[in-house]
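Below is one structure; the comments refer to it alone.
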Amino acid sequence: MALKEAYLIVDIGTGNARVAVCAIDGEILSIKRENVHYETDSNYEDSIFFNPEELWRQIIKLSKEALAESGEVQINAITSTSQREGIVITDKDGNSLLGMPNIDHRGRKWEPSLKDKDLVYNLSGRYPTSLFSAFKLVGVREVYPELFEKIKCFMSISDWIQFKFSGIEGYEHSQASETLLYDVENKSWSSDLLAQFNLSTEILPELKDAGTILGSIKPDVADEFGISPQAVVVVGGGDTQLAIRSMEPSANDVVIVSGTTTPIIKIVDAYEKDSEQRTWTSRHIDANNFILEANAGVTGLNYQRLKEIFYPNEGYDVIEKELEDATYSQCVASLGSLIADEEEPLTKGGFIFNAPVSHQLTRGSFVFAILWDIACSIYENYKFLGAVSPHQESYIWACGGGVESRKLRQFIANLFGKSIKIRDTFRQASVLGGVFLCNDALGVKNASPELLEEIHPQDHEEFEKLYQEWKNARKTFKQVAH
């Protein structure tokens, strides 16, 4: 009997590492996950790092578990996707020296020394902050010059994983968009941007197109994983772009990708910029399109943490049931989301509720307030996106783990006054985007995802009033923070 043809897809998010085995038609045969282990570096004000070799051992372990669970399969291709601003630095011998995730801000101290921020925005498509890779490299150079001298190359986490499988260095275009060293409009590394950060072209790998074959799997890696040595490594891309790909939106559609953070994305066919530098513009994973983005910052992570506190042993179905009894008047939250016209995220947040504490206040009240905070943050950022590039359609696509919550989906529809559409790929959107790319690389026709549900708006005007109350609560917390 012929083996089922499948792909191995590695997905490194901010919170966890996932490895999936998927059939070429998109059926998920197995998916395994573990939290990524981070450490802090006290030599910086705000630095978090990971050991790349430890992460690679996790990937090996999770891959073996997923392959064992998948039954008899033939792995034709491997690809990877990851959090977009994370990087790994390597030396001339191919050793992995240090991993810096998107939540690493070791370069923050050197932000003020950047001379021409307008130039950086105009070329890179984003206002320069320590979120992006160039500042991480500056942070290494300034504190660990000996380590910096050893750097031969840096790659996004997904490109580094593909390097570990194939031995070939590369940087995919959607991931390169996050470095502050890449000219987004011209689809190339930029000597002008490198000069701004005093970095050398020598540490830049060759740019690669998503959905193309990078090379064959290394024989020793094929042996370690128990995969055919004929398997190829396919160039992946940023997790947001892969998630969008699996939704198959049309040009000018808006997609909300609700994960640890929540990007609000519009697909555009030209390099669009915001005169006030509030939005980001990146390359998509196809040849010609761009994605225009406003990002609501840390959102889904807040929901996950509150679930661990209030519902440690219950599923999301229990939460959804209890949310039916919660109301807006009991509790309002503001918890660290980012608004596009603010220079920094909320660093002090919390809940506002009536005193003395009401007997009506329940654990569901707090989760309700968090979901409402997420919905309002998304809506606020969407308005900035629309100011740069108007959005006329009567619907919005949504995907990612956050929109598992029916309550959140309804909140967003009510606020926007537009219907929210989700496809059957929405739960594992970035993994399934990897399947699409592997199929593209191998010339296999993709199965079209199906519309799973459309949520229609209710009481839009009433929700606009509640949204104003949320804005007032956010102002209160901003005053506390300062």
Side-chain angles (χ1 to χ4, degrees), residues 84-85 87 102 111 114-137 154-156 158-159 170-201 203-212 235-245 249-255 257 263-295 340-341 381 384-391 437:
R84 293 176 295 161
E85 295 84 20
I87 57 171
N102 53 2
E111 280 181 12
L114 188 62
K115 290 187 176 66
D116 195 342
K117 292 184 179 178
D118 289 343
L119 171 82
V120 176
Y121 179 82
N122 286 326
L123 292 177
S124 76
R126 60 245 316 114
Y127 182 80
T129 72
S130 58
L131 172 68
F132 303 108
S133 317
F135 275 114
K136 299 184 200 305
L137 294 170
F154 83 98
M155 290 169 271
S156 74
S158 60
D159 288 302
Y171 221 120
E172 182 275 329
H173 292 275
S174 72
Q175 291 284 35
S177 299
E178 308 293 334
T179 61
L180 300 181
L181 304 173
Y182 174 85
D183 183 329
V184 173
E185 184 172 23
N186 291 311
K187 211 174 178 183
S188 63
W189 295 120
S190 165
S191 56
D192 289 338
L193 289 171
L194 283 156
Q196 286 291 311
F197 294 94
N198 194 22
L199 292 168
S200 164
T201 56
I203 62 170
L204 299 173
E206 186 180 332
L207 290 161
K208 303 286 182 181
D209 291 324
T212 61
V235 180
D239 53 4
T240 295
Q241 281 89 341
L242 263 70
I244 293 166
R245 176 77 167 85
S250 304
N252 294 315
D253 276 358
V254 166
V255 184
V257 184
I264 302 100
I265 302 290
K266 184 161 186 265
I267 299 162
V268 293
D269 61 7
Y271 184 57
E272 296 192 33
K273 292 180 292 186
D274 176 14
S275 60
E276 296 183 46
Q277 303 185 358
R278 298 165 299 188
T279 57
W280 302 350
T281 312
S282 310
R283 279 279 164 185
H284 199 11
I285 48 174
D286 59 20
N288 301 313
N289 284 314
F290 300 84
I291 62 172
L292 184 68
E293 172 178 358
N295 197 309
D341 67 339
N381 281 287
F384 290 114
L385 199 68
V388 179
S389 184
H391 176 236
L437 287 184

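Only this structure's heavy atoms are used, side chains among them; waters, hydrogens and symmetry mates stay out.
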What's the verdict on salt bridge (charged side-chain N to carboxylate O under 4.0 Å, His left out) for Arg84 and Glu178, showing C-alpha distance, side-chain angles and the deciding distance?
-> CA-CA 7 Å; Arg84 293 176 295 161; Glu178 308 293 334; 3.5 Å; yes
Any idea which heavy atoms bring Val257 and Ala243 closest together, and the distance?
-> CG1-CB, 4.0 Å
For residues Val120 and Leu114, report the shortest heavy-atom separation together with the two atoms involved.
-> CG2-CD2, 4.0 Å
Locate the shortest heavy-atom distance separating Ala176 from Leu207; write the atom from each residue and the value.
-> CB-CD2, 3.7 Å
Scanning both residues in full, the closest heavy-atom pair of Leu180 with Ala134 reads CB-CB, 4.0 Å
With ring-ring contact (aromatic ring centres under 6.0 Å, His included) as the test, would you mind laying out the steps for Phe135 and Phe197 before giving the verdict?
-> CA-CA 8 Å; Phe135 275 114; Phe197 294 94; 5.2 Å; yes
How long is the span from the OH atom in Tyr171 to the CG atom in Asp159, to the nearest 0.5 Å?
-> 6.5 Å
For the residue pair Ile264 and Val254, establish whether any side-chain heavy-atom pair is separated by less than 4.5 Å.
-> yes
Cut-off 3.5 Å, side chains only: do Ser282 and Arg126 have a donor facing an acceptor?
-> yes
Would Asp209 and Thr212 count as having a side-chain donor-acceptor pair, cut-off 3.5 Å?
-> no
CD-OG distance between Glu185 and Ser124, expressed to the nearest 0.5 angstrom = 12.5 Å
Spacing of CG belonging to Leu131 relative to CD belonging to Glu111, to within rounding of 0.5 Å = 9.5 Å
Can you find a side-chain donor-acceptor pair between Gln277 and Asp118 that sits under 3.5 Å?
-> yes
With no hydrogens and no angle check, is any side-chain donor or acceptor of Asp253 less than 3.5 Å from a backbone partner on Ser250?
-> yes
Audit row: Ile265, Thr240, side chain to side chain contact (heavy atoms under 4.5 Å, CB included) steps and yes/no | CA-CA 9 Å; Ile265 302 290; Thr240 295; 4.0 Å; yes
So, does Ser389 use its side chain to make a donor-acceptor pair with the main chain of Leu385 at under 3.5 Å?
-> no
Distance-only, no hydrogens or angles: does the Tyr121 side chain make a donor-acceptor pair with backbone N or O of Asp274 under 3.5 Å?
-> yes
Provide the closest heavy-atom pair for Ser174 versus Arg283 in the form atom of the first, atom of the second, distance.
-> CB-O, 3.4 Å
Straight-line distance of Leu194 CG to Leu199 CG, nearest 0.5 Å = 6.0 Å
Is it true that Glu206 and Lys208 have a side-chain N and a carboxylate O under 4.0 angstrom from each other?
-> yes
Report the C-alpha distance between Ile244 and His284 in whole Å, list the side-chain angles of each, state the deciding distance to 0.1 Å, and finish with yes or no for side chain to side chain contact (heavy atoms under 4.5 Å, CB included).
-> CA-CA 9 Å; Ile244 293 166; His284 199 11; 3.9 Å; yes
I would like to know whether Lys266 and Asn252 meet side chain to side chain contact (heavy atoms under 4.5 Å, CB included); could you show each step before the answer?
-> CA-CA 6 Å; Lys266 184 161 186 265; Asn252 294 315; 3.5 Å; yes
How about Ser156 and Glu172: does a side-chain donor come under 3.5 Å of a side-chain acceptor?
-> no
Give the ring-plane orientation class for Trp189 versus Phe154, where under 30° counts as parallel, over 60° as perpendicular and anything between as tilted.
-> tilted
Hey, could you give me the CD/CD distance between Glu293 and Gln241, rounded to the nearest 0.5 Å?
-> 7.5 Å
Which is it for Phe290 and Asp269 under the side chain to side chain contact (heavy atoms under 4.5 Å, CB included) test, yes or no, and what are the steps along the way?
-> CA-CA 6 Å; Phe290 300 84; Asp269 61 7; 6.0 Å; no
Non-hydrogen side-chain atoms of Ile285 and Leu437 separated by less than 4.5 Å = yes
Could you tell me whether the side chain of Val388 reaches within less than 4.5 Å of the side chain of Leu292, counting heavy atoms only?
-> yes
Reported CG-to-CG distance for the pair Asp192 and Asp183, which is rounded to 0.5 angstrom | 8.5 Å
Lys187 side chain vs Ala287 backbone, donor-acceptor pair below 3.5 Å = yes
Taking every heavy atom of Gln175 against every heavy atom of Ser158, the minimum-distance pair comes out as NE2-OG, 2.9 Å
Would you check if the side chain of Tyr271 reaches a backbone N or O of Gly125 as a donor-acceptor pair within less than 3.5 Å?
-> yes
